[in-house]
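Notes follow the structure.
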Amino acid sequence: MASGDDSPIFEDDESPPYSLEKMTDLVAVWEVALSDGVHKIEFEHGTTSGKRVVYVDGKEVIRKEWMFKLVGKETFCVGAAKTKATINIDAVSGFAYEYTLEINGKSLKKYMENRSKTTNTWVLHLDSEDFRVVLEKDTLDVWCNGKKMETAGEFVDDGTETHFNIGNHDCYIKAVSSGKRKEGIIHSLIVDNREIPEIAC
């Protein structure tokens, strides 16, 4: 199921939040990219015991035992913004089940398609550390490694600049018109006067 490289590392002799050995009824795993980071959602469904367990980033958020109704849904929150997530459990045939994840009421696929239109994401490496910067276009909030950044907006000749810092590095997101109605506004991340390429979500 998982290699040793995928196992979480625990310091100070803390016990792990869950054990892969105990997750014998694991039926689905999803990765969901939100502004505050990529979250791993795992779902256990014991069809003989009626057990339902949901883990978000390795932490148990729902546990139900002896559920006599094997179909239904489990709703919970993900991430710093408490984004609503729902796992739908549907019978396919006999004792076969289908598990689908909805984020904010949309299928995961639809949510991610919409998200790619409403956010820009950049990944960069500074001072021996990886950073994931996300711009939410609708609110102009900037997130870096799960934290909402303090920003300062500034109008410039050809658009706007949203300034913030990552450590000792000066950063800004430049917004300029593409001149084309279908493309709209183009956002670019500049760190230490160097443009960072955007990644696809």
Side-chain angles (χ1 to χ4, degrees), residues 1-121 123 130 132 134-139 141 143-148 199-201:
M1 182 187 309
S3 68
D5 294 339
D6 296 337
S7 300
I9 298 171
F10 305 99
E11 297 176 10
D12 303 327
D13 294 319
E14 290 181 17
S15 60
Y18 66 99
S19 167
L20 291 177
E21 289 78 38
K22 292 180 183 173
M23 294 179 69
T24 56
D25 295 322
L26 185 67
V27 293
V29 178
W30 298 274
E31 288 194 346
V32 181
L34 301 177
S35 295
D36 66 334
V38 178
H39 298 278
K40 186 175 187 177
I41 298 171
E42 297 167 291
F43 182 57
E44 287 185 62
H45 187 216
T47 55
T48 54
S49 66
K51 174 179 75 173
R52 295 183 192 175
V53 185
V54 177
Y55 299 94
V56 176
D57 298 326
K59 183 180 175 212
E60 185 177 302
V61 294
I62 293 176
R63 175 176 288 272
K64 295 182 179 172
E65 304 280 352
W66 304 108
M67 299 282 297
F68 293 107
K69 188 174 179 192
L70 294 177
V71 296
K73 52 180 69 180
E74 295 298 335
T75 300
F76 52 97
C77 294
V78 179
K82 303 280 186 221
T83 303
K84 181 182 167 190
T86 302
I87 296 173
N88 294 303
I89 308 156
D90 297 303
V92 180
S93 64
F95 286 100
Y97 297 90
E98 179 179 78
Y99 308 94
T100 55
L101 180 66
E102 291 179 359
I103 305 292
N104 279 343
K106 296 183 176 111
S107 72
L108 181 59
K109 183 179 181 202
K110 279 271 188 236
Y111 177 81
M112 295 312 288
E113 285 170 1
N114 185 54
R115 185 153 177 78
S116 68
K117 295 174 190 168
T118 60
T119 62
N120 290 81
T121 304
V123 173
D130 289 326
R132 181 176 181 270
V134 177
L135 168 68
E136 293 181 349
K137 294 183 208 177
D138 53 350
T139 61
D141 288 338
W143 293 76
C144 181
N145 287 4
K147 292 189 173 84
K148 193 169 165 185
I199 65 162
C201 285

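For reference, positions follow the sequence shown, starting with 1.
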Report summary line: Heavy-atom closest pair (Tyr99 atom, Trp30 atom, distance to 0.1 Å) is O-CZ2, 3.7 Å
Query raised in the report: Is there a donor-acceptor contact under 3.5 Å from the side chain of Thr83 to the main chain of Gly79?
Result: no
Query raised in the report: Given Leu135 and Trp143, is the side-chain contact (heavy atoms from CB on, under 4.5 Å) satisfied, shown in steps?
Result: CA-CA 7 Å; Leu135 168 68; Trp143 293 76; over 6 Å; no
Report task. Dump the intermediate steps for side-chain hydrogen bond (donor to acceptor under 3.5 Å, both in side chains) on Glu136 and Thr119, then the final yes or no. Result -> CA-CA 5 Å; Glu136 293 181 349; Thr119 62; over 6 Å; no
Report task. Answer yes or no: is there an ion pair linking Glu74 with Lys64, defined by an N-O contact shorter than 4.0 Å? Result -> yes
Query raised in the report: Under the side-chain contact (heavy atoms from CB on, under 4.5 Å) criterion, do Val61 and Val56 qualify, and how do the steps go?
Result: CA-CA 7 Å; Val61 294; Val56 176; 3.8 Å; yes
Query raised in the report: Looking at Asp57 and Lys40, does any basic side-chain N land under 4.0 Å from a carboxylate oxygen?
Result: no
Query raised in the report: Roughly how far, to the nearest 0.5 Å, is the NZ atom of Lys110 from the CD1 atom of Ile103?
Result: 15.5 Å
Query raised in the report: Ignoring hydrogens and geometry, is there a side-chain-to-backbone donor-acceptor pair from Asn145 to Arg132 under 3.5 Å?
Result: yes
Query raised in the report: Going by atom types alone, do Ser107 and Glu102 pair a side-chain donor with an acceptor below 3.5 Å?
Result: no
Query raised in the report: Would you say Asp141's side chain and Ser35's backbone share a donor-acceptor pair under 3.5 angstrom?
Result: no
Query raised in the report: Can you tell if the side chain of Val54 reaches within under 4.5 Å of the side chain of Ile87, non-hydrogen atoms only?
Result: yes
**Report entry** Worked verdict on Glu44 versus Tyr55 for side-chain contact (heavy atoms from CB on, under 4.5 Å)
**Finding:** CA-CA 9 Å; Glu44 287 185 62; Tyr55 299 94; 2.9 Å; yes
Report task. Answer yes or no: is there a donor N or O on one side and an acceptor on the other, between the side chain of Lys137 and the main chain of Lys117, under 3.5 Å? Result -> yes
Report task. Test Leu108 against Val32 for side-chain contact (heavy atoms from CB on, under 4.5 Å), laying out the working first. Result -> CA-CA 8 Å; Leu108 181 59; Val32 181; 3.9 Å; yes
Query raised in the report: Is there side-chain contact between Glu60 and Ile62, with heavy atoms separated by less than 4.5 Å?
Result: no
**Report entry** Lys82 side, atom NZ; Asp36 side, atom CG - distance, nearest 0.5 Å
**Finding:** 10.0 Å
Query - Residues Arg63, Glu65: salt bridge by 4.0 Å N-O rule - result: yes
Requested in this report: Write down the atom of Ala33, the atom of Tyr111, and the distance for their closest heavy-atom approach.
Outcome: O-CE2, 4.4 Å
Query raised in the report: Hey, are the side chains of Arg52 and Ile89 touching, using non-hydrogen atoms and a 4.5 Å cut-off?
Result: yes
Report task. To the nearest 0.5 Å, tell me how far Asn114 CG sits from Lys109 NZ. Result -> 13.5 Å
Report task. Can you sort out the partners of Tyr97 under ring pair (Phe, Tyr, Trp, His ring centres under 6.0 Å), two or more places apart, ordered by chain and number? Result -> His45
Report task. Output every pair passing ring pair (Phe, Tyr, Trp, His ring centres under 6.0 Å) with a member in residues 58-91, not counting sequence neighbours, ordered by first then second residue. Result -> none
Query raised in the report: Where is the tightest heavy-atom contact between Leu101 and Ala85, given as atom of each residue plus distance?
Result: CD1-CB, 4.3 Å
Report task. May I ask you to say whether Asp25 pairs ionically with Lys51, meaning some side-chain N is under 4.0 Å from a carboxylate O? Result -> yes
Query raised in the report: Could you state the interatomic distance from OG (Ser49) to CG (Leu70), rounded to the nearest 0.5 Å?
Result: 9.0 Å
Report task. Kindly compute the distance separating CD (Glu31) from CD (Glu42), expressed to the nearest 0.5 Å. Result -> 9.5 Å
